[in-house]
2 protein chains.
Amino acid sequence: MTDAERALPLRERKKLRTRQALADTALRLFLDKGFHETTLDELVDAVEVSKRTFFRMYPSKEDVAMAAELELWDAHVAEAEARELHGPVLDFLRETLIAAVTGLGADWDRRFLATRGLIARTPALWDRSLLLSVTVQSRLVTDLEIKLGINSREDVRLRLLGELSLAAWRCAAKNWISGRGYQGPREPMRKLGQWKGPGGSAELIRRVEEAFDAIPDSLTLTAG
Amino acid sequence: MTDAERALPLRERKKLRTRQALADTALRLFLDKGFHETTLDELVDAVEVSKRTFFRMYPSKEDVAMAAELELWDAHVAEAEARELHGPVLDFLRETLIAAVTGLGADWDRRFLATRGLIARTPALWDRSLLLSVTVQSRLVTDLEIKLGINSREDVRLRLLGELSLAAWRCAAKNWISGRGYQGPREPMRKLGQWKGPGGSAELIRRVEEAFDAIPDSLTLTAG
DNA sequence: CCCTTGGCGCCACTCAGTGGCAGATTAGCC
DNA sequence: GGCTAATCTGCCACTGAGTGGCGCCAAGGG
């Protein structure tokens with residue numbers, strides 16, 4: 001990151017720094033006071049930029065809270081573009097997702113955990129998070145459709161597969177958070193300590209594997 | 001409907017009528033001028049109620065545009081509660097969904113088609129529609145989990161199944177609309193004529209069956 | 001050193017959505 | 001039918017997110 005930063009022109013570096021500052025401060029404020037209880041004016045005052053600048057960086061108040069999640073999806077897309085596609089497509093999606101999670105640093109999973117906790121207790125953010133993931137996944141599938149020469153009007157299989165892989169991710173993320181018993185921002189740091197380090201994303205990856213493994217059996221699920 | 005209406009107290013009947021009037025007028029205005037180009041004040045003026053009353057009927061501007069879609073989900077939930085659960089759960093979800101579509105009248109599929117057309121060219125409505133469907137489906141799955149004694153923390157299969165069935169629905173609805181070549185509100189009535197009657201929802205049901213049928217094969221989809 | 005270009009701050013504005021209160025309308029009861 | 005109490009509605013003022021426009025300042029390039 002520092003290398004990439006140095007290579008960028010001064011103007012871009014400044015932009016990136018305010019972007020970062022906005023995301024960090026937003027997460028801090030939202031965790032501290034709650035999402036709806038924090039106004040954009042407060043955030044913008046704290047970072048000392050104008051509201052106009054904020055909207056040049058992020059399209060909405062919701063999006064700035066989910067910067068960590070956006071990083072994940074960017075990584076996922078990058079991973080999918082880099083890797084070459086052969087074998088079962090579901091495995092491809094699974095592996096590129098795992099690779100994305102693995103590739104992001106230890107600092108990321110701290111921020112991501114905090115973000116997910118905030119999302120879990122803020123319906124408006126949950127909504128936006130869902131929407132973001134669906135949008136990204138749809139883009140991903142569209143790319144794959146082109147590569148495979150599939151037309152979703154005639155063959156919906158890939159579309160379904162994409163949704164399924166996203167569903168697995170959502171189950172995994174949900175169980176990851178609820179398994180941690182994260183309830184709110186006022187949880188003592190003692191518990192936060194447990195989450196830190198590689199354990200956080202290692203556990204997340206375990207949950208993802210678990211969810212993907214459950215896919216074949218889910219189809220045949222039968223009631224009494 | 002008329003029977004049920006007559007049974008209701010006067011106050012409730014009036015309430016229902018304004019609800020209906022709001023939904024009808026909203027759809028007409030949105031189709032005519034576009035969603036963002038129509039303000040709530042205009043809608044509220046046209047129906048001759050106050051803005052305050054509007055928000056007592058619908059939680060948001062988006063929701064009033066999707067009254068027909070809400071009817072579908074209500075029917076789906078009712079169908080799932082009425083029917084008893086045995087055999088493959090995926091079939092249960094599939095059959096209750098089909099039954100819901102079938103059960104709603106010919107007037108419904110006219111309104112639903114118009115609604116979907118509007119949604120297709122209005123991102124904000126597409127977002128809300130997705131959110132609505134996910135919410136309903138999540139409620140449905142939670143109920144089923146209780147009936148089956150499944151804990152989604154340990155067993156994510158049902159959760160995955162719910163998402164998969166919803167995905168099939170979304171593919172079906174999408175292809176149904178795009179297959180009709182619906183582009184905007186200015187399409188001549190000649191084309192609208194083709195959609196009318198049982199053919200509209202019959203085609204929709206065909207698309208749904210098609211999508212559900214594609215599920216087993218989607219898992220094994222493999223690239224070159 | 002100057003000129004161009006791209007951000008940025010500031011201001012005024014729109015519009016969705018909310019809270020509060022006064023007035024009307026209905027339901028239930030005598 | 002008349003009275004009271006519970007609802008519902010309309011009106012008004014207000015918050016806060018998001019946008020458009022313009023002047024300005026700082027950065028890149030010669």
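All chains are named by letter (A, B, ...) in the order of the sequence lines, taking the proteins before the strands, and each is independently numbered beginning at 1. For clarity, every value in this text was computed on a predicted model and none was experimentally measured.
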Just jot down the side-chain hydrogen bond (donor to acceptor under 3.5 Å, both in side chains) partners of B/T102, sequence neighbours excluded, or say none.
none

Which residue pairs pass the ring-ring contact (aromatic ring centres under 6.0 Å, His included) test with at least one member in residues 96-123 of chain A, sequence neighbours excluded?
A/W108-A/F112, A/F112-A/W176

Could you walk me through whether B/L97 and B/W73 pass the side chain to side chain contact (heavy atoms under 4.5 Å, CB included) test, one step at a time?
CA-CA 9 Å; B/L97 178 57; B/W73 296 128; 4.3 Å; yes

Please state how far atom CD in B/E37 lies from atom C1' in C/dT14, giving the value in whole angstrom units.
14 Å

Going 5' to 3' along DNA chain D, which are the first and last nucleotides with any atom under 4.0 Å from a heavy atom of chain A?
D/dG16 to D/dG28

Pairs where [range] contributes a residue and the test salt bridge (charged side-chain N to carboxylate O under 4.0 Å, His left out) is met, not counting sequence neighbours:
range	answer
residues 168-177 of chain A	A/R170-B/E163
residues 44-55 of chain B	none
residues 130-140 of chain A	none
residues 122-133 of chain B	B/D63-B/R128

Quick one: salt bridge (charged side-chain N to carboxylate O under 4.0 Å, His left out) partners of B/E42, sequence neighbours excluded?
B/K33

Shorter than 3.5 Å, N or O on both sides, protein versus nucleotides 15-19 of chain C: list them out with atom names.
| from | atom 1 | to | atom 2 | distance (Å) |
| --- | --- | --- | --- | --- |
| C/dA16 | OP1 | B/K61 | NZ | 3.2 |
| C/dA16 | OP2 | B/L40 | N | 3.3 |
| C/dG17 | OP2 | B/K61 | N | 2.8 |
| C/dG17 | N7 | B/K51 | NZ | 3.3 |
| C/dG17 | O6 | B/K51 | NZ | 3.2 |
| C/dG19 | N7 | B/R52 | NE | 3.0 |
| C/dG19 | N7 | B/R52 | NH2 | 3.2 |
| C/dG19 | O6 | B/R52 | NE | 3.2 |

